[in-house]
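What follows is one structure encoded as structure tokens, with my remarks underneath.
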2 protein chains.
Amino acid sequence: MKEGPDIALIGSLIGDPARANMLTTLMTGKALTASELAAEAGITAQTASSHLSKLETAGLLTQRKQGRHRYFALADDEVGNLLEAMMGLAAKRGHMRARTGPRDPALRKARVCYNHLAGDYGVRMFDSMVTRDFLAEDGEEIFLTEAGEGFVGELGIALPDLEKSRRPLCRSCLDWSERRTHLAGALGTGLLDRFYDLGWAHRIEGSRVVSFTGEGERRFRECFPEA
Amino acid sequence: MKEGPDIALIGSLIGDPARANMLTTLMTGKALTASELAAEAGITAQTASSHLSKLETAGLLTQRKQGRHRYFALADDEVGNLLEAMMGLAAKRGHMRARTGPRDPALRKARVCYNHLAGDYGVRMFDSMVTRDFLAEDGEEIFLTEAGEGFVGELGIALPDLEKSRRPLCRSCLDWSERRTHLAGALGTGLLDRFYDLGWAHRIEGSRVVSFTGEGERRFRECFPEA
DNA sequence: TTCATACTTCGATCATAACCGAAGCATGAA
DNA sequence: TTCATGCTTCGGTTATGATCGAAGTATGAA
């Protein structure tokens, strides 16, 4: 009777809270062991094992054996993008999870969105680059202008390397905390990586929070002034 | 313990087969009554009523009362886009629904993807326009070239009207049957609408199939030659 | 070998929610 | 008013699957 792809399968996989927690945790981009994911989701190892095997069978996760550990990660960017899209829709409709923990303010300030910068700082960077005509918008599409090429070059980004990848250079991503656009794509990832290299910021272990140093914060504000 | 948008809620809503069927049916873009959706999903009116109220409460559907009928439609483009993204991922992973009905070949040839043309014809149109430099690709981003502006103008598309809308003019959409890209966005919708106006094609009632007339097919092939 | 750790499989329990029959409530027609 | 239609609410049944304890398998360390 029904034709077409089975979205109910994908939906029900993401629809279980324990699995949704695991997937959200993996949005950090880091591969994690089965036990770590179990702890994160608040379930026992047995239950987690069952969930993880379902997610892997369905092709949402990949698994890498290393000694007696099994590391799990999102299968590819497309899975990450889908999760982002669902977060965007959920946030817009006001479907937030009940308990907002103590990490929440830091998370709203600056966090990783799979592999690029999100939160207040992510939006600020994007706005600043648009205001100074380094980025141009056309609906949902975003391009790096010539001036922008010079700008990221001075920051120490090797554009040719980024353009080699099959990923689009610039992509817009809806920020769930700010409800505004920030920069994703290869350039978004490249910029965040560059901030790490410059020592401006580092990741807080076990969370999506990106913590800026005092000096890093100063340089970041200098580099991306508000309008 | 957990922060952020509740993707599990959205996932579980889409994760029920009956609801997924209803949502997929509404991808045609047409508003349907509760009874029609119940029949489509193969459930009784009572059960459908419960599902529909959940989907409406969550903000995935909108409802319009008209006499004693209640018409349901997808809440907005963002919901449609999410469903498309899930179909793309499901198709790529090989998660297809069991029974492929008799309408399947027609569906693969030409169908509506929420509001634009998909299937073999959708992909062909896209490829043809890229080959002749009417459309330019940059990763996932797509732009209409100057030559392209002339081309769609000759077809009778009023570009300024399309650009007035808040939707992006060109957007890429992954075709689940062809596993290749076709054209979405305001221009994608505009082109399909123009084909209806020109009498080249019409929708088959109660399905996503787009049926071309003999003459329409000839004109379409003329307009979008293969490489 | 022996033991410890990381993970999976099995089996049983239990909560959730999908489902339908029956009854109720609107809306429109006669 | 009376009746028919479209849809919702209520109540009870049933199936699904999330969960964990216990036992089993693989890997590495002593």
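Reminder, nothing fancy here: chain letters follow the sequence lines and each chain counts from 1.
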Legend entry - Strand-adjacent residues in residues 44-51 of chain B, judged by heavy atoms under 4.0 Å from DNA chain C: B:T44, B:Q46, B:T47, B:H51
Inset, instruction - Output yes when at least one side-chain N/O atom of A:K65 is less than 4.0 Å from OP1 or OP2 of D:dT27, else no. - result: yes
Inset, instruction - Would you tell me if any nitrogen or oxygen in the side chain of A:K54 comes within less than 4.0 Å of OP1 or OP2 on D:dA18? - result: yes
Measure from [atom1] on [X] to [atom2] on [N] and round the result to the nearest Å.
| X | N | atom1 | atom2 | result |
| --- | --- | --- | --- | --- |
| B:L52 | C:dA18 | CG | P | 13 Å |
| B:L55 | D:dT8 | CG | P | 12 Å |
| A:R70 | D:dT25 | CZ | P | 15 Å |

Legend entry - Side-chain (A:R19) to main-chain (A:L13) donor-acceptor, under 3.5 angstrom: yes
Legend entry - Any side-chain donor near an acceptor of the partner, B:E36 and B:T33, under 3.5 Å: yes
Inset, instruction - Consider only side-chain N and O atoms of B:T47 and B:S50, and report whether a donor and an acceptor are under 3.5 Å apart. - result: no
Inset, instruction - Using side chain to side chain donor-acceptor pair (under 3.5 Å) as the criterion, list what pairs up with A:D76, not counting sequence neighbours. - result: B:R93
Inset, instruction - For the pair B:F212 and B:Y121, evaluate ring-ring contact (aromatic ring centres under 6.0 Å, His included) and give the outcome as yes or no after the intermediate values. - result: CA-CA 10 Å; B:F212 277 77; B:Y121 271 41; 5.0 Å; yes
Legend entry - Residue closer to the 5' end of DNA chain C, A:R68 versus A:S53 (nearest nucleotide): A:R68
